[in-house]
Novice: 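Before I ask anything, here is the structure I am working with.
This is a predicted model, so every value here is computed, not measured. In what follows, every heavy atom counts, from backbone to side chain, and hydrogens, waters and symmetry copies are set aside.
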Amino acid sequence: MTEPSTNSVEALTPVGRETVQDRVYAQLRQTLISGGFAAGDPLRIVELAERLQTSTMPVREALGRLVSEQALEAMPNRTVRVPLITRQRLDDLERARVLIEGRLAEMAIPNLTPEDIEVLKQVNQECDQAFEEHGQDIGPVTSQFNQSFHFHIYRAAGSHVLIPIVESLWLQSGPVVRAAAQIHDEQGGLAATDHHWAMIDAIEKGNADAAKQALANDIGRSFDLVRARLSAGEEAA
């Protein structure tokens, strides 16, 4: 009996270990980030399983992970819902995002190349074009452009610790961004990419303070729109 060839063993490649639960989790996670669920929406396991064409077990496990990440909350009756938007939650999320994302942008600027800046401009141009061609009701599309723009900058910072924190904050902010988009559609105002262009200008000039201010303005606009709708002590779904 011969020994197995070393070369044959080396030719093997790792087998993907992504499970149905991983795929369900990833889809629910991205839907939350892009504002696919509104604050206060109940997420029913059976309905989600039917929609995703899977069994209830991976849905239940994925929802449990999202509850642990504070993107969803478990209710006393054993149901799960998207957290309500409160003034305290708004303030807390905005503070954390401005602080951490501002630091990532500052770290990224020295590493962003002219090619990176061209990518950022292209993403912004495509987002502007999407608004012109399809009007305002294209939240999922523009949300993806927005995510691509920000995370292209953040990844250039090279921080494997801060990126997951920002992803968690975006996960929790999804319902706020959805509500802000609806209010913006009603009121109009600055273009969605206005502060992005200011960030690009600051990055090109190597001005970290100006980039952080433009970023804070970009984050704050969504939170300010929703905050203005909240009266004292009011919760909005």
Side-chain angles (χ1 to χ4, degrees), residues 30 33-36 38-39 85 90-91 93-157 166-167 169-230 236:
Q30 184 56 44
I33 288 176
S34 63
I85 299 174
L90 278 174
D91 294 344
L93 279 172
E94 182 181 8
R95 274 193 301 266
R97 287 194 55 186
V98 169
L99 178 66
I100 297 174
E101 292 177 47
R103 179 56 179 151
L104 274 173
E106 184 178 32
M107 293 167 61
I109 286 178
N111 302 329
L112 289 167
T113 66
E115 290 74 21
D116 288 316
I117 293 172
E118 287 305 312
V119 170
L120 296 175
K121 290 180 179 179
Q122 181 65 32
V123 171
N124 255 13
Q125 289 166 356
E126 291 177 1
C127 189
D128 283 335
Q129 184 177 356
F131 273 117
E132 291 175 5
E133 293 178 353
H134 305 288
Q136 297 293 321
D137 191 21
I138 53 170
V141 176
T142 55
S143 175
Q144 188 60 54
F145 284 130
N146 183 54
Q147 188 177 352
S148 297
F149 178 88
H150 281 269
F151 279 87
H152 191 91
I153 296 172
Y154 302 156
R155 283 192 292 270
V166 173
E167 289 176 344
L169 292 172
W170 275 57
L171 189 57
Q172 296 177 63
S173 299
V176 177
V177 174
R178 175 192 173 103
Q182 292 171 340
I183 297 170
H184 181 272
D185 290 350
E186 298 169 8
Q187 298 179 352
L190 293 174
T193 57
D194 185 77
H195 295 307
H196 287 186
W197 289 115
M199 289 176 65
I200 291 173
D201 182 64
I203 291 169
E204 285 186 303
K205 295 175 180 176
N207 190 333
D209 289 338
K212 289 167 65 178
Q213 184 59 59
L215 174 62
N217 293 340
D218 185 45
I219 295 170
R221 176 169 57 180
S222 294
F223 285 83
D224 287 342
L225 285 170
V226 179
R227 192 179 288 112
R229 284 288 177 92
L230 294 179

Novice: State which residues pass side-chain contact (heavy atoms from CB on, under 4.5 Å) with Ile109; sequence neighbours excluded, sorted by chain then number.
Specialist: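 Only Ile203, Ala208, Ala211 meet the side-chain contact (heavy atoms from CB on, under 4.5 Å) criterion with Ile109.
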
Novice: Roughly how far, to the nearest 0.5 Å, is CZ of Phe149 from SG of Cys127?
Specialist: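 Rounded to the nearest 0.5 Å, the SG-CZ separation comes out at 10.0 Å.
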
Novice: Would the distance check show the side chain of Asn217 and the main-chain N or O of Gln213 forming a donor-acceptor pair, the cut-off being under 3.5 Å?
Specialist: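 Yes, because the side chain of Asn217 sits within donor-acceptor range (under 3.5 Å) of the backbone of Gln213.
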
Novice: Any luck finding a side-chain donor-acceptor pair between Glu126 and Gln122 under 3.5 Å?
Specialist: yes

Novice: Any chance the side chains of Trp197 and Gln125 put a donor and an acceptor closer than 3.5 Å?
Specialist: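 There is no such pair between these side chains.
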
Novice: So, taking the atom named CD in Glu101 and the one named NZ in Lys212, what distance separates them when rounded to the nearest 0.5 Å?
Specialist: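 Reported to 0.5 Å precision, the distance equals 12.5 Å.
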
Novice: Could you tell me whether the side chains of Asn146 and Ser143 share a donor-acceptor contact shorter than 3.5 Å?
Specialist: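 Asn146 vs Ser143: no donor-acceptor pair found between side chains.
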
Novice: Mind checking whether Tyr154 and Phe151 have parallel, tilted or perpendicular rings, split at 30° and 60°?
Specialist: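 Judged by the thresholds at 30° and 60°, the geometry between Tyr154 and Phe151 is perpendicular.
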
Novice: Can you tell me how far apart CD1 (Ile85) and CZ (Arg229) are? Round to the nearest 0.5 Å.
Specialist: 11.5 Å

Novice: Checking side-chain polar atoms at under 3.5 Å, does Thr193 have a donor or acceptor matched by the opposite partner on Asn124?
Specialist: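 Short answer, no.
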
Novice: Begin with the C-alpha distance, continue with both residues' side-chain angles, and end with the deciding distance and a verdict on side chain to side chain contact (heavy atoms under 4.5 Å, CB included) for His150 and Leu215.
Specialist: CA-CA 9 Å; His150 281 269; Leu215 174 62; 3.4 Å; yes

Novice: Output the distance between atom CG (Leu120) and atom CG (Leu112), rounded to the nearest 0.5 Å.
Specialist: 6.5 Å

Novice: Can you measure from CD1 (Ile33) to CH2 (Trp170) and round to the nearest 0.5 angstrom?
Specialist: 8.0 Å

Novice: Distance from Leu171 atom CG to Ser34 atom OG, nearest 0.5 Å?
Specialist: 10.5 Å

Novice: Looking at Arg221 and Asp224, is there a salt bridge between them, counting it only when a charged N and a carboxylate O are closer than 4.0 Å?
Specialist: no

